[in-house]
Amino acid sequence: MPANRGVSVHPELGYELVETARGLLLLQETLRAAAMQRYGLEAQRVWGPCRGTDLEGLLLRHPFLDREVTVLVGTHVTVDAGTGLVHTAPAHGVDDYQIGRRYQLPVDNLMDDRGVFLPEVPLVAGLKVWAANDVVIEALRETGHLMAHKPLEHSYPHCWRHKTPIIFRATSQWFIVMDGVERNGGTLRAEARRAVDATRFYPAWGHARLSAMIENRPDWCVSRQRVWGVPLPFFVHRETGVLHPDTEHIAGQVAEAVSVRGIEAWFSTPAEHWLGADADHYRALTDTLDVWFDSGSTHAAVLRQRPELGFPAQLYLEGSDQHRGWFQSSLLTSVALHGHAPYEALLTHGFVVDGQGRKMSKSLGNVVVPQTVMKELGADNLRLWVASTDYSGELCLSREILDRVVEAYRRLRNTLRFLLANLGDFDMAHDGLPPESWLTLDRYALVLTRQVDEVVRRGYDSYEFHGVTQRLLTFCSEDLGAFYLDILKDRLYTAPPGSQARRAAQSALWHITQALTRWLAPVLTFTAEEVWATLQGKTVEAASSVFLESWHELPVVTEEAVLSARWDRWRALREEVRRHLEPLRTAGAIGSSLQAEVTLRAGGEALEALQSLGDDLRFLLLTSAARVEAWADDIGRARSGITLIEIPGAEGNWRMELEMVVSQGHKCPRCWHYREVVGEHPDHPGLCDRCTSNLFGAGEVRHHA
RNA sequence: UGGUCCUUAGCUCAGUGGUAGAGCAGCCGGUCGAUAACCGGCAGGUCGUCCGUUCAACCCGGACAGGACCAACCA
């Protein structure tokens with residue numbers, strides 16, 4: 001009230017003059033009833049309504065000061081509560097300040113920094129603002145202006161730290177102009193706009209967000225009334241408040257001194273040193289610089305100072321809240337200095353929230369601490385969680401989510417373990433074979449690996465790590481575990497150790513291991529280092545690091561398209577056959593698929609292709625026998641025990657008949673296939689024909705699987 | 001209140017204007033030479049809600065709800 005300079009009404013709302021026992025009251029029409037009830041008065045007569053604009057400029061007497069104030073018109077007036085007539089003190093609050101400017105009202109700063117009214121203020125001089133409240137109310141009561149008095153609780157800005165209500169005061173500030181000054185063919189805002197357009201954003205919507213902020217931001221207020229921080233080395237004239245004419249030069253000198261002697265160079269140097277004879281007429285500002293200016297200057301203080309760093313930076317990375325903060329202050333300072341952004345690209349991430357998408361807070365009890373996760377599950381799992389998450393939005397974190405992450409880790413780790421185990425007797429330099437000497441399945445595995453390689457590289461290049469981990473997981477589960485490695489076990493465990501069939505498999509596995517370990521290294525760093533050391537037959541301490549490597553360059557397979565198309569088909573065939581094996585298993589007829597024998601009947605292209613596989617077909621299907629026959633004339637007619645299957649592929653579906661029977665052979669203890677035992681070797685009567693050959697003869701020959 | 005964005009199976013994520021996909025989890029089974037593993041099968045979603053555009057929408061437009069971040073307001 002001591003700072004009151006006006007009363008605001010809404011231009012479009014209706015106002016009424018109400019006759020009461022206490023005289024005439026001006027009230028907003030929709031609020032009249034509530035107000036009268038609050039005052040305990042009856043409306044004896046009502047005039048109006050008139051519009052708010054009609055009241056503009058009316059002079060009102062201040063309730064206890066010898067002052068006339070004006071009725072103002074502003075759209076910030078609402079009818080939520082009160083009378084529709086708003087007390088306005090331009091020194092206290094944004095709305096009041098702005099409307100005060102429009103009407104050129106004086107801004108009365110009647111309160112000092114401690115919240116105490118200045119000595120010259122009538123009625124409340126020397127009182128703290130809270131104590132003054134009672135005095136003001138009492139004064140209103142005494143002069144007969146108090147209509148009602150009721151304590152009211154409503155949300156009001158509070159100090160985030162002390163939780164005490166904040167008093168708004170109008171204060172002089174320093175601004176960096178966004179639109180007023182042109183140079184290089186544009187204002188700071190225009191240049192900033194161009195710099196935003198020249199920046200790459202991850203994710204792309206960051207562009208819209210930063211653009212909008214540049215568009216909407218007001219002039220940059222860079223002064224803060226704080227005792228710590230970087231000082232604004234400004235001197236203002238004691239009478240006029242005008243900046244010293246030599247400010248730019250002085251600021252340069254101060255900066256120079258501070259860079260040599262530290263911040264004390266400013267605080268401990270008397271004004272005479274900077275201003276000479278002018279010192280008596282000027283006072284030094286005590287304001288500090290906006291802290292965003294500090295952090296926004298890292299491109300000057302760090303990037304441009306350290307020889308190992310470049311400017312502009314390839315990437316600035318921060319939480320999405322920094323569009324308003326660091327990203328923007330860095331942009332504006334750099335644009336002002338150099339005309340371009342201090343970064344080539346911006347990457348932002350969201351914030352960690354719980355499983356339900358709620359922000360973590362102590363009161364909700366849903367906080368998951370990274371340190372705890374590290375301690376319990378290890379850094380690799382924590383990183384894997386981050387890398388599995390689409391961090392462009394919120395990052396959900398909960399017990400269940402971590403459980404899933406650990407499952408994924410186990411899968412990746414186990415795959416590596418299998419690969420390492422099967423490379424134990426393999427030395428690429430001595431035992432390695434070129435892809436031309438591999439079986440077609442091995443070459444196909446290489447093709448699959450190359451496909452993953454492409455996805456992984458692209459994913460890392462664009463910082464989309466969750467795509468990478470997702471793909472690597474399916475690679476390990478589907479391509480390797482459920483397909484390639486599943487088939488490969490027979491060859492790895494039963495072919496002669498140094499045979500071409502086995503060395504070919506190991507050569508492919510070697511390339512896969514090389515690629516996989518490097519793909520995983522950025523995420524599973526410890527695990528990858530262990531794998532890398534194991535591959536060298538050394539301890540992690542003695543071995544060279546995987547982080548000294550680049551991506552593995554996989555060999556190129558000739559006629560990749562043909563090979564790939566053919567094996568896509570075989571893979572589909574395998575899945576189809578295994579699915580149809582399931583009823584036999586459920587019926588208890590077989591356990592392992594090796595207990596089954598399969599006959600496929602087809603014609604034309606399909607028949608030729610199947611025949612080309614030869615005996616390798618049974619290794620593909622993981623059955624003990626797989627026969628191929630040309631279809632008879634009655635093909636396609638339902639017969640018991642025979643299923644018609646369709647195998648999709650690039651050249652269209654292939655139809656074939658599938659017949660499955662339980663093998664009548666005996667299980668070979670070495671290769672587990674069920675065979676008519678040949679027993680050529682007297683010492684090993686139980687061994688099957690090919691095991692005997694592999695052990696004592698020329699060894700089996702394989703071309704495809 | 002304004003700005004930017006998110007919402008697809010229990011979880012993490014794909015996805016295309018035209019019958020919804022994967023991995024993991026779940027259930028059932030197999031195997032026992034990746035075993036604090038491995039393999040197979042099955043089940044599971046009115047693609048946040050509502051309204052439009054369209055012959056046809058998870059995919060386009062609008063509104064709403066919930067959530068995240070930023071900025072503001074609270075007489």
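By convention in this document, chain letters (A, B, ...) are assigned in the order of the sequence lines, proteins followed by strands, and residues within each chain are numbered from 1.
Aromatic ring pairs are classed by plane angle as parallel below 30°, tilted from 30° to 60° and perpendicular above 60°; the pair A:Phe327 and A:Tyr316 is tilted. Classified by interplanar angle (parallel below 30°, tilted 30° to 60°, perpendicular above 60°), the ring pair A:His323/A:Trp205 is tilted.
Taking the centre of each ring, A:Tyr460 and A:Trp519 stay at or above the 6.0 Å mark.
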Are any protein N/O atoms closer than 3.5 Å to N/O atoms in nucleotides 6-11 of chain B? If there are, list each pair with its distance.
| from | atom 1 | to | atom 2 | distance (Å) |
| --- | --- | --- | --- | --- |
| B:rG10 | O2' | A:Glu400 | OE1 | 3.4 |
| B:rG10 | O2' | A:Glu400 | OE2 | 3.4 |
| B:rC11 | O4' | A:Glu400 | OE2 | 3.1 |

Could you go over nucleotides 38-42 of chain B and give all protein N or O partners under 3.5 Å, atom names and distances?
| from | atom 1 | to | atom 2 | distance (Å) |
| --- | --- | --- | --- | --- |
| B:rC38 | OP1 | A:Arg411 | NH1 | 3.4 |
| B:rC38 | O2' | A:Lys489 | NZ | 3.2 |
| B:rC39 | OP1 | A:Arg411 | NH2 | 3.0 |
| B:rC39 | OP1 | A:Gly481 | O | 3.2 |
| B:rC39 | OP1 | A:Ala482 | N | 3.3 |
| B:rC39 | OP2 | A:Arg411 | NH2 | 2.8 |
| B:rC39 | O2' | A:Arg578 | NH1 | 3.0 |
| B:rG40 | O2' | A:Glu582 | OE1 | 2.9 |
| B:rG40 | N2 | A:Glu582 | OE2 | 3.2 |

Give each protein N/O atom lying under 3.5 Å from an N/O atom of nucleotides 47-49 of chain B, with the pair distance.
none

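A search for side-chain hydrogen bond (donor to acceptor under 3.5 Å, both in side chains) contacts involving A:Tyr391 returns nothing, not counting sequence neighbours. Listed by chain and residue number, A:Asp425 satisfy the salt bridge (charged side-chain N to carboxylate O under 4.0 Å, His left out) test with A:Arg502 (two or more places apart in sequence, or in another chain). Taking A:Tyr202 as the reference, A:Arg200 meet the side-chain hydrogen bond (donor to acceptor under 3.5 Å, both in side chains) condition, with sequence neighbours excluded. Remark: A:Asn4 pairs with A:His87 by the side-chain hydrogen bond (donor to acceptor under 3.5 Å, both in side chains) rule, at least two apart or across chains. The salt bridge (charged side-chain N to carboxylate O under 4.0 Å, His left out) check on A:Glu400 picks up A:Arg404, with sequence neighbours excluded. By the salt bridge (charged side-chain N to carboxylate O under 4.0 Å, His left out) test, A:Arg670 is found to be paired with no residue, residues two or more places apart in sequence or in another chain being considered. Not counting sequence neighbours, the partners of A:Glu700 by the side-chain hydrogen bond (donor to acceptor under 3.5 Å, both in side chains) test are A:Arg690, A:Asn694, A:Arg702.
Across B:rC69, B:rU31, B:rU12, the shortest atom-to-atom separation from the side chain of A:Ser592 is found for B:rU31. For A:Arg417, the listed nucleotide lying nearest its side chain is B:rA36; candidates were B:rA68, B:rA22, B:rA36.
Residue order along RNA chain B, read from the 5' end via each residue's closest nucleotide, puts A:Ser388 first among A:Arg209 and A:Ser388.
A:Glu407 comes within contact range of the sugar-phosphate backbone alone, with a heavy-atom separation under 4.0 Å but no base atom that close. Residue contacts shown for A:Ala408 are absent, as no nucleic acid heavy atom lies under 4.0 Å away. Base engagement by A:Trp672 is indicated by at least one non-hydrogen atom pair under 4.0 Å involving a base atom. Across all strands, A:Thr88 comes closer than 4.0 Å to no nucleic acid atom at all (heavy-atom distances).
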Reading RNA chain B 5' to 3', how would its secondary structure be written in dot-bracket notation, given Watson-Crick and G-U pairs with both distances under 3.5 Å, brackets [ ] for crossing pairs and | for partners on other strands? (((((((..((((....[..)))).(((((.......))))).....(((((..]....))))))))))))....
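Taking a cutoff of 4.0 Å between a charged side-chain nitrogen and a carboxylate oxygen, A:Arg193 and A:Asp197 do not qualify as a salt bridge. A:Arg457 has no carboxylate O lying under 4.0 Å from a charged side-chain N of A:Asp461, or vice versa, which leaves the two without a salt bridge. A salt bridge links A:Asp486 to A:Arg578: at least one charged side-chain nitrogen sits closer than 4.0 Å to a carboxylate oxygen.
Residues of residues 458-468 of chain A that place a heavy atom closer than 4.0 Å to RNA chain B, in numerical order, are A:His466.
Using a 4.5 Å cut-off on side-chain heavy atoms (C-beta onward), A:Thr348 and A:Pro203 make contact. The shortest distance between side-chain heavy atoms of A:Ser624 and A:Trp672 does not fall below 4.5 Å.
Residue A:Leu472 contributes atom CG, which lies 15 Å from atom C1' of B:rU12 at whole-angstrom precision.
Contact check, A:Tyr493 against B:rA34: a side-chain N or O comes under 4.0 Å of OP1 or OP2.
For the atom pair CD (A:Gln514) and CG (A:Leu509), the distance works out to 12.0 Å, reported to the nearest 0.5 Å.
A:Arg324 contributes no side-chain N or O that forms a donor-acceptor pair with the base of B:rC69 under 3.5 Å.
Atom name C1', nucleotides B:rC13 and B:rG30: the rounded distance is 30 Å, in whole Å.
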